[in-house]
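Remarks on the structure that follows.
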Amino acid sequence: MKDGIRRGLSLILFATLFFLPIGFFKVNRVLNGSVFSLWELGYAWMLVLFALFSTFKIEFKWLRYLRTGFLIVLPSVLIYISQRYVITEIYDPNVARISLGPSIYLAIIGAWVLLSTETKGTLKITLSLLALLVLFGLGMFPMLGLYKEYINRQASFFLELQRHLSLAVSSLLFALIPGIYLGYQSTRHPRLREWIMGFVNGFQVAPTLSMLALLMIPLASLGQSFPFLRAWGVKGVGFLPAFIVLSLYALLPITSNTYTAFKQLDPSVMDSAKALGMSSKQVFSKVSFPLALPFIITGVRIAFIQNIGNTILAGLVGGGGMGSLIFLGLAQSATDLILLGSLPVVLMAMGFEVILEFTELRLKKKMGVLYDQA
Amino acid sequence: MIKLSQIRKLYDTQEALCNVDLQIEDGECVVLIGPSGCGKSSLLKSINRMIDIDEGTITFFNEDIQSMPVEQLRRKIGYCIQGVGLFPHMNVKENIAILLRILKWKEADIERRVDELLIMSELPLSYKTKRPHELSGGEAQRVGVCRALATDPPVLLMDEPFGALDPMTREKIQIAFRDIAQKLHKTVVFVTHDIEEAILLGDRIALMNEGQIVQLSTPEALIQDQKENFTKNFIGQDYPLMVLKRYRVRDLKLEPVSNLAVTHGIDLDTNLKEALALCIKQTEPVIFKDGPNTYALLYSDIFSFIRGMQNETAY
Amino acid sequence: MKQLIKHRASIIYALLFLVWIFQFDWIKSNILFFISDQSRLVQRISLVELAVQHVQIVVLASLISIVIALVLAFSVHLSQSKEYRDLILQFSTIGETLPTAAIIALSVPLMGYGNGPLLLALSIYGILPILRNTLEGLASIPRSINEAALGLGLTSMERLIKIELPLALPNIFTGIRIATIINVSAATIGATVGAGGFGVMIVSGIRTYEPLLVVQASVPVILLALWFDRVLRVASH
């Protein structure tokens with residue numbers, strides 16, 4: 001009965017399609033919408049029946065392949081057919097729109113949970129997601145409110161996306177070397193470790209918002225006093241305060257994990273290296289650092305995912321990024337705009353998490369640190 | 001030749017080593033043995049400067065070990081420890097060859113040397129690409145020995161290397177190690193807490209207690225010449241029997257006989273302890289065959305041999 | 001008296017906190033005089049009220065996380081099913097990867113503006129630390145103790161409550177401490193969707209370029225976090 005729990009879960013999630021709303025229909029952007037359910041979509045309920053059957057164990061190889069294919073495209077198909085609620089003869093297709101309801105989200109999760117029971121499940125889930133994104137980008141879901149928001153501000157969307165990534169990545173890179181250095185030094189000087197950890201921890205306790213806000217003023221006055229700095233971008237608002245705050249926040253996971261990375265090194269391995277007559281530089285570059293690397297990457301992963309989330313707040317201080325879209329959406333009470341801003345962040349966070357965890361695992365295998373020594 | 005003079009080592013206020021003098025000749029194997037905390041490991045590690053001593057001098061082939069860069073010293077000394085310490089991120093070949101690469105040997109020479117070492121340790125050449133976690137305890141330790149021998153250092157320091165192995169593997173690897181060390185004329189300093197291992201491997205045994213060398217003798221001399229009560233207690237009352245394991249029937253130099261029927265299936269390579277046990281078990285003499293020759297073995301042959309060894313090497 | 005000295009850190013933090021929120025005007029004039037005070041707005045809500053809101057939110061979110069995490073942890077432990085355990089851990093890890101700010105924003109369409117989205121996001125985020133630490137705590141109990149309990153004839157449930165739970169308590173408290181401290185700082189973000197708490201003043205300060213407001217609200221947040229840290233550390237003993 002392996003995977004039994006997951007199958008059961010998927011069954012329930014698919015079943016919600018029958019009784020939870022599939023979507024919300026709005027005549028235009030401003031007016032409130034009405035709820036619609038599966039039964040108003042013609043023969044769509046047959047699709048759901050297939051989905052329910054797919055949760056059972058299948059013996060035949062070819063039927064299983066069919067099922068995998070079905071599950072991969074199911075999310076896209078569900079969204080596609082929900083668009084049919086908009087009867088274009090009655091409503092203006094350029095203005096009327098639908099938003100996805102809870103049951104579609106749950107069903108998508110259900111499809112992915114079911115895919116996770118298969119071999120190379122993560123790959124298949126990624127395929128399913130990619131299918132969604134590609135079809136979205138190709139304009140196959142024009143009735144989706146989310147798509148309409150996207151189309152209306154496509155340029156600014158990609159601009160903010162790029163800003164978001166560059167902020168998250170650059171602040172991470174900036175904190176990388178100091179973080180690793182501090183983490184390494186903590187292993188060699190235990191007294192120093194107290195100070196370093198205290199310093200780095202201190203930032204975690206202070207709210208991100210406060211840090212951003214408190215940096216605004218000194219940076220603003222610096223920018224005003226020294227015009228050449230201003231030309232360089234030293235202003236109270238914008239890229240710089242967010243960059244500084246994000247770098248400081250990234251320090252903790254990197255430093256802390258680097259410390260652990262070097263602490264967990266096997267003393268007999270280190271002794272052998274020394275005894276062979278390798279100089280300390282050689283021991284570090286050929287033995288200590290390679291063996292510590294996978295765990296350092298753990299810190300980098302945590303820091304990066306944290307950064308991607310925290311960059312949202314940059315939107316509050318004019319730093320750009322997806323946060324700008326989110327806060328705009330919040331101000332206008334425009335659900336789809338909020339979605340447009342938040343979903344990419346969520347996808348990026350999960351995506352990088354998967355990629356970086358995979359890298360970590362590969363590295364751990366390569367460095368042989370996954371196994372117990374003979 | 002390694003000479004240790006008046007070695008003194010303190011940990012906080014505890015004396016780990018106290019006025020230790022020891023001279024190790026080329027090609028001999030000196031075993032440091034004693035109870036936990038007697039300082040044997042510390043003494044060993046002071047030779048390749050893994051531990052720094054507080055007083056005294058150590059000379060390595062007539063040079064003070066403090067006078068040369070420590071890496072240079074260590075590259076002339078092979079070091080094997082109980083945990084082996086193979087690099088988990090490298091395969092067997094890379095582990096053995098690591099120093100050779102640093103010394104910028106040619107690839108072909110490295111390949112040849114690694115093969116040489118593996119053959120000598122009776123490991124299959126196919127192990128070159130294996131990773132440490134794929135090896136058994138005994139195999140890992142053999143690779144460790146290969147790595148230590150890679151640059152052909154004249155001296156080997158061994159710190160309880162076989163302690164974590166099961167008894168059968170341990171016996172095999174002890175004998176294999178002794179043969180390799182003798183064949184290559186290596187000077188070996190070996191630390192153990194197992195008296196039988198000391199007897200098997202040591203040309204001389206240095207019995208240590210509380211930071212000092214209590215007695216330094218050949219295994220045979222220790223049968224009679226036990227200077228302190230400590231020695232008597234440590235090596236135990238059946239020590240003489242243990243010494244028998246060091247030799248084989250071959251060492252008795254028996255003359256072949258003829259016209260006698262074989263009574264048992266031992267051979268010239270059986271160790272003397274087993275042979276003696278056989279003499280007890282059967283009525284004498286024990287007639288056995290090795291190759292084309294037949295031999296007859298008596299109790300008395302074994303006793304006179306051991307007496308002879310004691311007299312020869314008495315200190 | 002000895003008790004007081006032992007807990008001096010938490011008492012100091014608590015005192016500083018209370019003095020700050022009740023006597024801020026005094027502090028403003030005498031200590032923070034160097035920060036220019038150009039508050040054009042009259043603060044509609046007092047610092048004390050914000051403090052109360054903030055603490056309420058943090059405590060409530062933590063309680064929700066604790067309940068959910070403990071229920072999940074116990075069910076995983078009692079079921080002894082690796083499959084169930086992996087599933088729950090996977091979901092919780094997702095909960096931690098999702099950015100808090102994004103969850104808050106995404107819950108607004110569901111729950112409207114106000115404290116709801118904040119509570120939801122904080123509760124979700126807090127589940128993993130508590131869950132993970134509880135499971136670790138339960139797993140670290142030596143087998144011999146479990147065997148002895150079985151030998152005595154205790155049922156799984158009794159064993160869990162009487163023996164395993166008390167032994168795993170330090171770990172559980174560590175998890176709670178981590179979750180709570182994160183909640184204290186993260187709760188400030190809620191102000192962007194209309195939640196209460198110190199975040200309101202901080203966001204105000206950002207929007208009006210008023211550093212004084214920011215400092216006014218940030219210091220008590222830090223003090224509160226430090227206080228929870230101390231108190232929960234002590235409680236785990």
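Hydrogens, waters and symmetry mates play no part in the numbers below; they use all other heavy atoms, side chains included. Throughout, protein chains are lettered first and strands after them, A, B, ... in sequence-line order, and every chain is numbered starting at 1.
Residue V219(C): no heavy atom, backbone or side chain, is found under 4.5 Å from chain A. Only the side chain of F327(A) comes within less than 4.5 Å of a heavy atom in chain C; its backbone stays farther off. Interface remark: I326(A) contributes side-chain atoms only to the contact with chain C (heavy atom separation under 4.5 Å). When heavy atoms are compared at a cutoff of 4.5 Å, L98(C) approaches chain A solely by way of its side chain, counted from C-beta outward. Contact annotation for T97(C): both backbone and side-chain heavy atoms come within less than 4.5 Å of a heavy atom of chain A. Contact annotation for I312(A): only side-chain heavy atoms (C-beta onward) come within less than 4.5 Å of a heavy atom of chain C.
Taking OG1 from T93(C) and CD from E353(A), the interatomic distance works out to 7.5 Å, rounded to the nearest 0.5 Å. With rounding to the nearest 0.5 angstrom, the CD1 atom of I189(C) is 4.5 Å from the CG atom of L313(A).
Put simply, the side chain of T188(C) never gets that close to the backbone of P207(A): no donor and acceptor are under 3.5 Å apart. At least one donor-acceptor pair under 3.5 Å links the side chain of E83(C) to the backbone N or O of I5(A).
Within 6.0 Å of CD on E194(A) lie no more than 12 heavy atoms contributed by other residues, nucleotides or ligands.
The closest side-chain heavy-atom distance from I103(C) to V346(A) is not below 4.5 Å. By the 4.5 Å heavy-atom criterion applied to side chains, S333(A) and Y113(C) are counted as neighbours. Side-chain contact between E96(C) and I305(A) is absent, with no heavy-atom pair separated by less than 4.5 Å.
Contacts with chain A were tallied for D86(C), V221(C), V203(C), I222(C); I222(C) has the most, counting heavy-atom pairs under 4.5 Å. Of the listed residues (S210(A), G309(A), G341(A)), the greatest number of heavy-atom pairs within a distance under 4.5 Å of chain C belongs to S210(A). For the set I302(A), L214(A), L343(A), the entry with the most heavy-atom pairs within less than 4.5 Å of chain C is L214(A).
Nearest heavy-atom pair, R6(A) versus Q90(C), reported as atom, atom and distance to 0.1 Å: NH1-OE1, 3.0 Å. The two residues L330(A) and T192(C) have their closest heavy-atom pair at CD1-O, 4.1 Å. A105(C) approaches I338(A) most closely through the heavy-atom pair O-CG2, 3.3 Å.
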Point to revise | Step-by-step side-chain contact (heavy atoms from CB on, under 4.5 Å) determination, F91(C) to V113(A) | key: CA-CA 10 Å; F91(C) 269 117; V113(A) 164; 4.1 Å; yes
